[in-house]
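Just below is one structure, and these are the notes that go with it.
Read the numbers this way: they start at 1 and go in the same order the structure lists the ligands and their atoms.
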Amino acid sequence: MVPTGDGSAVSVPDDGAKPTGPAVVTGNGINYNGGPVLKGNPVPIYVIWYGNWNGTGSNTQATVSLIDTFLSSLGNTPYELINSTYGDTTGNVSGNLTLTAQVFDTGSQGTRLRNSRISAAISAQLTSGALPTDPNGVYLFVTSSDVRESGFCTQFCGFHTRQTLNGADIKWAFIGNTDRCPSACEIQSTGPNSPSTGVGGADGMVNVITHESEEAITDPDLNAWFDSSGNEDADKCNFKFGPTQTAANGSKFNQTFGGHNWMMQMEWENSRGGGCDQTLGGPFFTN
Ligand SMILES: [Zn+2]
């Protein structure tokens, strides 16, 4: 089974629209469809940790801490700067993002989710003021592995969307703990940050977070950047990692920053004809 990484592929056909303005570069295998990108420097990232994050395996505070470190060090890396090749008519994506706030929800909507329940859970955080209502940020809804979400593990490993919540255009992404289905959503069941063999959920989620956060920034309202098949920038490199190195525990990794090794899919660079690479301006790889 090959993971798709995303269940919300945009199916809007390419209408051939040619945007104007110096910040939009086209002709690199991905099309601009007229909508805005997120241009924050940094783009604020908000996390809702849903379910039981004081459990076992990868459902632990160690995973929370690791992903916090990841989100606090990803901004402006040579990898994330690939995102800065995308823009709209008023400017470019910065390539910077940062963890701005996070909350825990131990299960206000139960353990069998569908999108309407995720919306309700996020909305509750906004209306209570626990998280700011920020149309320029990205909200990651991250679930522990005991939580079901319709389509997760069978149709997608994560997805992003937009929705009016608390009166604002809110961009949110679902990130399920990939240890619910390692064979479907993890490139390797033991990752470079695994606490023990076969507990790869934290690294698996890091990979999905890169995918969904890139897309939420370059295609926040699902009307900016995607190709004629509806593939957004990360879809075009889905589960393609490029060259790797081997960590002490035998796992593969292809990035190092924030004091850790990471295994993250490549992103489509919107320049030099377009291609998947690990760093802005680096060589393109097909797998
Ligand atoms: Zn995607």
- Message: Any N/O/S atom from Glu232 (main chain or side chain) under 2.8 Å of the Zn ion (ligand 1)?
- Response: no
- Task: If you have a sec, read the angle at the Zn ion (ligand 1) from Asp235 atom OD1 over to His211 atom NE2, to 10 degrees.
- Result: 90°
- Under 6.0 Å from the six-membered ring centre of Phe152 and within 45° of its axis: does the NZ or CZ of Arg180 meet both? no
- Does Glu212 put an N, O or S atom under 2.8 Å from the Zn ion (ligand 1)? no
- Message: Any non-hydrogen side-chain atom of Trp225 less than 4.5 Å from a side-chain atom of Asn33?
- Response: no
- Message: Looking at the Zn ion (ligand 1), is there an N, O or S atom belonging to His160 that lies under 2.8 Å away from it?
- Response: no
- Query: Should the SG-SG distance of Cys157 and Cys181 be recorded as below 2.5 Å?
  - Reply: no
- Message: For Tyr46 and Tyr139, I'd like to know if the aromatic rings sit close, meaning centre-to-centre distance below 6.0 Å.
- Response: yes
